[in-house]
Amino acid sequence: MKGYWHIVALSASIAVISVILGKNLFLFVFLWLVFLYLNQRLKIIPFLLSICSFLFFLVYLPAINLVADTSSEITSQNLILGKIIEYPAIQSNKIEFILEEMDSEEKIMVLYFPQNDEIKTEEASHIRYGGFCTVKGELELPQSARNPGEFDYREFLLTKGITKQVVVNDLTQIECEGASFWHRFFSLRIQLIRQAQENISDYSAAWVSALVLGDDSLIDDHVIKLFQDWGLSHILAISGLHIGIVVGIIYLLLIKSNVMTKEKSELIILFFLPVYAVLAGGEPSVLRACSMVLLLLVLRRLKINVSALDIISIVFIVLLLSNPYLIYHIGFQFSFIVTFGIILSRNWLSSVSSRTYQLLIISFISQMIILPIQFNYFSIFQSLSILVNLVIVPYFSLFVIPFMFFLLLFSFLPNSILQSFDAVFVGIHLRVIGVVEWIDEILYYPLYLSDLPVWFFVLYYLTLLTALFFVEKGCLKEALTGFISVSLLIIGYAAIPYFSDDGSVTMLDIGQGDAFIIELPYRKGVFMIDAGAKFSFEDMQPSPSVYQRIIKPYLRANGIHHIDALFLTHEDIDHMGSVEFMLDAGIVGAVYVSDYFDISTSLLNKMEDNNIPIYRLTAGELITIGDQSFTVLGPSKDRRKSNENSLVLHAEIGGKSWLFTGDISKTEELEIINDYRLNADIIKIAHHGSDTSSDPLFLESLQSEVAFIPVGENNAYGHPSSEVIHRLEELGVRVFRTDQHGAVQYNFSNKDGYFQTFLGN
């Protein structure tokens, strides 16, 4: 089997793709293996083993859609007995851990969120890895996504094999005893993080925790987002580079100082690496890197010469056998794909003598090989991120990561010396991060792509591998053509909306609030009507959660960089609370409000600072933006209440007439039908379906076919009113509600359209 393990691993990888896509690719695998066999590139044993590998993993690996079918069966259960099978995440604002139920062996996520005070470590000291626990609470389904592009927490848990969750209200509902042997090492990890916080600055301690111990929770969220947007997230994941540094440090301390022989030092490494894998959080990238080094050392001691390609292939198979759910882990996917790409490029790397140049090549290959997968996870790619990676990756590899190991290992030094080193790092690192922030501010021109089709992946990787093949052959002109083709493929796919006659009107599900997005064919215009937010009843300040979790992911998933016009019906937070966050993001072209909209000084200043014009609209006015016209129907006068002063718009979109009503009352509704001869195929029901609106005469006059009601699930106001729903049903109006249907879209092309609900109800 020597030299053929990569064929077995590739067969398993195709099984992974088959499971994820829900398509059986056995015929493809069989024909590929037969081709290799007939051309004498594959012997009979590897041929048969590869077929067995594909068939075994095709059955062995879990399909998320199948798991999802069983997760809907929830039975009331108040007492759950089980064992903690992963190290619990204990933070100041939450506790979460995975419990494997004793009888069914089903995985359950247990969550606790404190109501007021922060969680103290001693309060949760009984919650330990490997402990046996009794949890009092009711099982429930995790929250699923309700909008396109939104993070799906339920699906995320399913990729870990977790089908249910229980949220406890008090820590007394969790009783645990005992712990696993490995808990000691996890506890040591926490102690090392605390030691770093005590001995060096919080800033440096955060980077030590992330780059040495695999805990990035202390790094500022802004920096995490910055790294995600610029394709630098892989730097924060402990990988082969970190393991190489660990091995190098051990060799330096033991061999170069003549403390031990090379053979004894390797034994130390064999015992230490599994411990470090636990200390570093046990993430798949760490397990992959440690396992490869361990296997290499074991085989070397057995005097078995195996290629790096065989080693990564064996490790891939073993890790999948140990935990089949790893196929859905982004760290697992990125780690193996990048390592595989680097191994395939070993001839290119070996032809270069400069260590720095090699790092640049590795950075380039790493970025290009994961690009389509990065799109599917993050929906964003910065065209300049490859250049940024070419600078930042060597900086972290040659300076930051080794320095973090140094700060942790030599934390016993006198404070004066340690603080001097700390100050050097902080001074340099703040400037480097500042440069990335400057680039993000000045050169922020991202591409947004999501849900890439299979043909894109196939074409992308065929073109990329062809380009890399020409590089290794020294055919630089052909290689350049290949890389240009890869770039054109990405740009061409991103440009599809500008050549498509498809358009849509989307009612986002933001809970108890309004947010409508209108996309015209050929991307001739993108408009929003309202952008609500959640808020705290204590200070009545809008939360960024709706923008961050719903609006921004939707825009990115649909390749939308810019909102041409944002119409705000009135001043309530549930209709305009996300505006300030959208202004900060620089995605709004202009804001339109009524003559009686009372705009705050702070919001007005923010618009002026970002050079965003604000236009006031008057009843009876016809406004045209690009190819789209809107007729303003109200307010006709100042009624001195925000709801009654709602901006009312009428428009023809996708061959249908639309009426957007804000939160007007019955008085304004009757006034509108008295002032205008009006029909509306589709109406946005006013005030979330409250009985203060939707007058029977008004609804009957419009002769609507469809009604949209944006309303929060189980909201405290009792919206929508049963009377309003009854009126609509009597009139034969089809009703779409966000509390029941999630986001609702009207998709159209050439004036033919259809309605689509995100939850499929």
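In this text, all values refer to a predicted model and were calculated from it rather than measured experimentally.
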Run the side-chain donor-acceptor check on residues 646-660: report pairs under 3.5 Å with partners two or more places apart or on a different chain.
| from | atom 1 | to | atom 2 | distance (Å) |
| --- | --- | --- | --- | --- |
| S646 | OG | H570 | ND1 | 3.1 |
| S646 | OG | N643 | O | 2.7 |
| S646 | OG | D663 | N | 3.0 |
| H650 | NE2 | N679 | O | 3.0 |
| K656 | NZ | E705 | OE1 | 3.3 |
| S657 | OG | D681 | N | 2.8 |
| S657 | OG | D681 | OD2 | 3.2 |
| W658 | NE1 | I653 | O | 3.2 |

- Query: Ring centres of H688 and H575 under 6.0 Å apart?
  - Reply: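 Yes: the rings meet the under 6.0 Å criterion.
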- Do R727 and D691 sit within salt-bridge range, that is, some charged N less than 4.0 Å from a carboxylate O?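 Not counted as a salt bridge, because no side-chain N and carboxylate O are separated by less than 4.0 Å.
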- Basic-acidic side-chain contact under 4.0 Å: K225, D221: no
Donor-acceptor pair, side chain of [X] and main chain of [Y], under 3.5 angstrom:
| X | Y | answer |
| --- | --- | --- |
| S504 | T506 | no |
| Y554 | I560 | no |
| Q382 | L447 | no |
| R146 | T738 | yes |
| D502 | S749 | no |
| T757 | V744 | no |
| Y328 | P62 | yes |
| E668 | S665 | yes |

- Message: Determine whether H561 and Y448 satisfy the following criterion, side-chain contact (heavy atoms from CB on, under 4.5 Å), listing intermediate values before the conclusion.
- Response: CA-CA 8 Å; H561 296 77; Y448 294 146; 3.7 Å; yes
Are any of the side-chain heavy atoms of [X] and [Y] separated by less than 4.5 Å?
| X | Y | value |
| --- | --- | --- |
| I517 | N558 | no |
| I587 | H562 | no |
| L699 | I683 | yes |
| L520 | F527 | yes |
| F516 | F708 | yes |

Distance-only side-chain donor-acceptor flag, [X] / [Y], under 3.5 Å:
| X | Y | result |
| --- | --- | --- |
| D638 | N645 | yes |
| T692 | H687 | yes |
| T624 | S629 | yes |

- Message: Strictly by salt bridge (charged side-chain N to carboxylate O under 4.0 Å, His left out), give each pair with a member in residues 609-631 just once, sequence neighbours left out.
- Response: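 For residues 609-631: K524-D627.
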- Task: Look at atom CD of E608 and say whether more than 12 heavy atoms of other residues, nucleotides or ligands are closer to it than 6.0 Å.
- Result: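 Yes.
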- Qualifying residues under ring-ring contact (aromatic ring centres under 6.0 Å, His included), relative to Y498, sequence neighbours excluded: none
- Determine, stepwise, if the pair I64 / T159 fulfils side-chain contact (heavy atoms from CB on, under 4.5 Å). CA-CA 7 Å; I64 292 303; T159 62; 4.1 Å; yes
- So, for K534 and V546, which heavy atoms are closest and what is the spacing to 0.1 Å? N-CG2, 3.7 Å
- Task: Go through Y445 and L384 one step at a time and tell me if the side-chain contact (heavy atoms from CB on, under 4.5 Å) criterion holds.
- Result: CA-CA 8 Å; Y445 300 105; L384 294 175; 5.6 Å; no
